[in-house]
Amino acid sequence: MASISHVITTATNPHLNLYHLTQTRSSTLRLSHSNSRRILNNTRVFAEHANSTSTSAIDFNDPDWKIKFQQDFESRFRLPHITDIFPDSPPIPSTFCLKMRTPIGKDIPGHYSLDEEWHGYINNNDRVLLKTINYSSPKSAGAECIDPNCTWVEQWVHRAGPREKIYYKPEEVKAAIVTCGGLCPGLNDVIRQIVITLEIYGVKKIVGIPFGYRGFSDKELIEVPLSRKVVQNIHLSGGSLLGVSRGGPGVNDIVDSLEERGINMLFVLGGNGTHAGANAIHSECCKRRLKVSVIGVPKTIDNDILLMDKTFGFDTAVEEAQRAINSAYIEAHSAYHGIGVVKLMGRSSGFIAMQASLSSGQVDVCLIPEVPFNSHGPHGILRHLQYLLEMKGSAVVCVAEGAGQNLLQNTNAKDASGNIVFGDIGVYIQQETKKYFKEIGVHADVKYIDPTYMIRACRANASDGILCTVLGQNAVHGAFAGYSGITVGLCNTHYAYFPIPEVISHPRLVDPNSRMWHRCLTSTGQPDFI
Ligand SMILES: Nc1ncnc2c1ncn2[C@@H]1O[C@H](COP(=O)(O)OP(=O)(O)O)[C@@H](O)[C@H]1O
Ligand SMILES: O=P(O)(O)OC[C@H]1O[C@](O)(COP(=O)(O)O)[C@@H](O)[C@@H]1O
Ligand SMILES: [Mg+2]
């Protein structure tokens, strides 16, 4: 238990500590960044970085700071394991060995090659490198620094995959899958792969919990028996076979329900809210001394989970957004003084808007939550749209839903999960643009497209299909390996396990100093709107 609570505390505190450290070291920063904007940006990079790499204020004058940092990192990224609660839980040889399915030619039927001959297992000490760029200066584009000199510090996370020893007998497993939050392309692919992999281990009792966490408490919702036969073709359509929901019961009720149902492996597909719930379920199971593995698979179309290359559904969303952007472009281009406005998903992170704009090559103005902008005034977007109409006759704006919320009236509304319901920035831009051009007496034909639900409901594209498949398999391997309170993600093209608190302490954001954002600006040619 001690190690589990340690993970949780250190994941939330360090942000403040290192942020504080950054503030107190502003004079050092000023040496390398001449203008105030750069100092501000650098401070933000340090602060963001604090959540992913550091645990406490570090004294960089201490010659051992790097070793101490790495030890601290190692302990923060240690994966909670059921032997933390049940030290005597015996490991057994894995029932997952693909070679077992291939009888060796002259052997007696039913006799299979030995496990030792199959080098398909992951060693518990295998690690994946979390950061791969050695920045020579804090001034390097997108530099993520731990100390003011941007010293190279290796940070290793745990490699995902099947282990040679497992901590559950398949015949004693009852596995459950639940999908929470909003829809995202690929949910069915992950469900499918979890079921298929569980069956390969030999699990017979597999169920789906209907409509998110709500399915644990609503007596009218019956759990869905799952098997390879049931899930065989579900990836051919979007949505979730099990349904999704926001809000729902508290953690105690969920764990009561797990106990009643005899569930000892829980696979939770969802975003940061769902993962906060999964971690709380894991902690409650530890408290009640239940041998349950709770494994998350990050589902966020916004791609806003920390430390991961990308989350499933994001790639499909970017691809699908092309249709909306292209339509906006065609409409704008075909009208006299046409302006197309497309709103894409992204509550606090502008990854979809940025990547979709980059990919399309048709966007003139990309607006994301991480980069403030003015709509009015000499540097505002409206003045720029006027310039674009003068210069090229049409314009396309791509805006993330969470962008420019300071320009809108606060709705004060929250959804059932407690997420703030945003004002519609797309509608705002559409209306303000119409008003502006009317006022200055210039004709403008404004068309607004909001493809949110068309994108979310799509089936996963091929690239996401692969990602979902591997994540689903690794989720099952993680559970059989005895881990709990973990999630699985793609890290520098390799798959890794992370303790949940490390990836959800805050949303992953587009860094306005990153090469990718600068590439987007190069592509659109837009100025600063401040
Ligand atoms: N901090 C939290 N602790 C426990 N459960 C949470 C928390 N935040 C959200 N949840 C639950 O997780 C589920 C999904 O959350 P939501 O924010 O809607 O989607 P997402 O997981 O995509 O962020 C909801 O059922 C919600 O009640
Ligand atoms: O209408 P709903 O279901 O509340 O969903 C709207 C929200 O869902 C999202 O797609 C994000 O969903 P998650 O919170 O599940 O990641 C946002 O982009 C959007 O604001
Ligand atoms: Mg969320």
Side-chain angles (χ1 to χ4, degrees), residues 8 11-12 178-187 190 209-218 221 238-240 242-255 257 266-284 294 296-306 311-314 316-318 320-321 324 342-353 356 368-369 399-403 405 411 413-426 450-458 485 487 500-501 503-509:
I8 294 165
T12 45
V178 63
T179 56
C180 313
L183 285 183
C184 178
L187 280 166
V190 180
I209 304 297
F211 300 104
Y213 287 139
R214 166 194 280 264
F216 280 112
S217 59
D218 189 330
L221 298 175
S240 165
L242 305 175
V244 291
S245 72
R246 299 193 190 276
V251 169
N252 276 319
D253 292 342
I254 295 175
V255 179
S257 173
L266 177 63
F267 299 95
V268 182
L269 283 54
N272 46 10
T274 307
H275 273 71
N279 200 57
I281 295 169
H282 154 71
S283 299
E284 182 60 25
V294 183
V297 182
K299 169 243 57 164
T300 150
I301 203 163
D302 294 355
N303 200 28
D304 59 358
I305 297 277
L306 294 168
T311 48
F312 75 81
F314 172 69
T316 308
V318 170
E320 199 57 27
V342 178
K343 185 184 74 172
L344 296 176
M345 292 145 297
R347 272 191 221 265
S348 42
S349 316
F351 289 103
I352 297 181
I368 60 172
V399 58
E401 63 177 322
Q405 287 298 309
T411 64
K414 292 199 170 169
D415 69 16
S417 296
N419 301 304
I420 294 167
V421 176
F422 285 146
D424 195 327
I425 185 67
D450 177 355
T452 301
Y453 296 118
M454 298 191 70
I455 291 176
R456 278 196 348 185
C458 280
T487 193
I500 289 175
V503 299
I504 57 160
S505 52
H506 68 112
R508 178 178 170 223
L509 301 175

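Residue numbers start at 1 and run along the sequence shown. As the structure lists them, so they are numbered: ligands from 1, and atoms in each ligand from 1.
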(request) For Gly181, take its heavy atoms, then give the atoms of ligand 2 lying under 4.0 Å from any of them. (result)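 Counting atoms of ligand 2 from 1, those under 4.0 Å from Gly181 are 15 (O).
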(request) Could you list the atoms of ligand 2 found under 4.0 angstrom from a heavy atom of Tyr453? (result)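 What qualifies from ligand 2 is 1 (O), 2 (P).
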Distance-only, no hydrogens or angles: does the [X] side chain make a donor-acceptor pair with backbone N or O of [Y] under 3.5 Å?
| X | Y | answer |
| --- | --- | --- |
| Ser417 | Arg246 | no |
| Thr179 | Gly243 | yes |
| Glu401 | Leu344 | no |
| Tyr213 | Val178 | no |
| Lys299 | Cys180 | yes |
| Thr311 | Thr300 | yes |

(message) Under the criterion side chain to side chain contact (heavy atoms under 4.5 Å, CB included), I'd like the reasoning laid out for Leu183 against Tyr453: C-alpha separation, chi angles, the key distance, then a yes or no.
(response) CA-CA 9 Å; Leu183 285 183; Tyr453 296 118; over 6 Å; no
(request) Say whether Arg214 and ligand 1 are in contact under the criterion: heavy-atom distance to a ligand atom below 4.0 Å. (result)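 No heavy atom of Arg214 comes that close to ligand 1.
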(message) Below 4.0 Å, non-hydrogen atoms only: which portion of Thr300 touches ligand 1? Side chain, backbone, both or neither.
(response)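 Thr300 to ligand 1: no contact under 4.0 Å from either part.
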Check whether any N or O atom of [X], backbone or side chain, sits under 3.5 Å from an N or O atom of ligand 1, and answer yes or no.
| X | value |
| --- | --- |
| Ser417 | yes |
| Gly248 | no |
| Gly270 | no |

(request) Check each of Leu269, Asn272, Thr274 against atom 14 (C) of ligand 1 and report the one with the nearest heavy atom. (result)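 Result: the heavy atom closest to atom 14 (C) of ligand 1 is in Thr274.
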(request) Pick, from Arg246, Glu401, Met345, the option with the minimum heavy-atom distance to atom 19 (C) of ligand 2. (result)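 Answer by nearest heavy atom: Glu401.
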(message) Using side chain to side chain contact (heavy atoms under 4.5 Å, CB included), reason through His282 and Asn279 one step at a time and then give a plain yes or no.
(response) CA-CA 5 Å; His282 154 71; Asn279 200 57; 4.0 Å; yes
(request) May I ask you to check whether Thr452 and Asp450 show a side-chain donor-acceptor distance below 3.5 Å? (result)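 Side-chain D/A pair, Thr452 to Asp450: present.
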Distance to 0.1 Å, residue and atom name: give those for the protein heavy atom nearest to [atom].
| atom | answer |
| --- | --- |
| atom 10 (N) of ligand 1 | Gly273 O, 3.3 Å |
| atom 6 (C) of ligand 2 | Arg456 NH1, 3.5 Å |
| atom 16 (O) of ligand 2 | Lys299 NZ, 3.9 Å |
| atom 11 (C) of ligand 2 | Arg347 NH2, 3.9 Å |
| atom 1 (N) of ligand 1 | Ala276 CB, 3.5 Å |

What atoms of ligand 1 come closer than 4.0 angstrom to any heavy atom of [X]?
| X | result |
| --- | --- |
| Asn419 | 16 (P), 17 (O), 18 (O) |
| Arg246 | 16 (P), 18 (O), 19 (O), 25 (O) |
| Gly277 | 3 (N), 4 (C), 5 (N) |
| Gly247 | 24 (C), 25 (O), 26 (C), 27 (O) |
| Lys299 | 22 (O) |

(request) Using distance alone, decide if ligand 2 has a nitrogen or oxygen within less than 3.5 Å of any nitrogen or oxygen in Gly182. (result)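 Checking ligand 2 against Gly182, an N or O pair does fall under 3.5 Å apart.
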(request) Applying side chain to side chain contact (heavy atoms under 4.5 Å, CB included) between Phe314 and each of Asn303, Asp302, Ile301, report the one that passes. (result)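 Of the listed options, the one satisfying the test is Asn303.
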(request) List the steps, then state whether side chain to side chain contact (heavy atoms under 4.5 Å, CB included) holds for Ile209 with Phe216. (result) CA-CA 7 Å; Ile209 304 297; Phe216 280 112; 3.7 Å; yes
(message) Taking N, O or S atoms only and a limit of 2.8 Å, check whether Thr300 reaches the Mg ion (ligand 3).
(response)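 Thr300 does not place any N, O or S atom closer than 2.8 Å to the Mg ion (ligand 3).
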(request) Kindly compute the distance separating OG (Ser349) from CD1 (Ile305), expressed to the nearest 0.5 Å. (result)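 That separation rounds to 9.5 Å.
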(request) Look at atom CD1 of Ile420 and say whether more than 12 heavy atoms of other residues, nucleotides or ligands are closer to it than 6.0 Å. (result)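 At most 12 heavy atoms, drawn from other residues, nucleotides or ligands, come within 6.0 Å of this atom.
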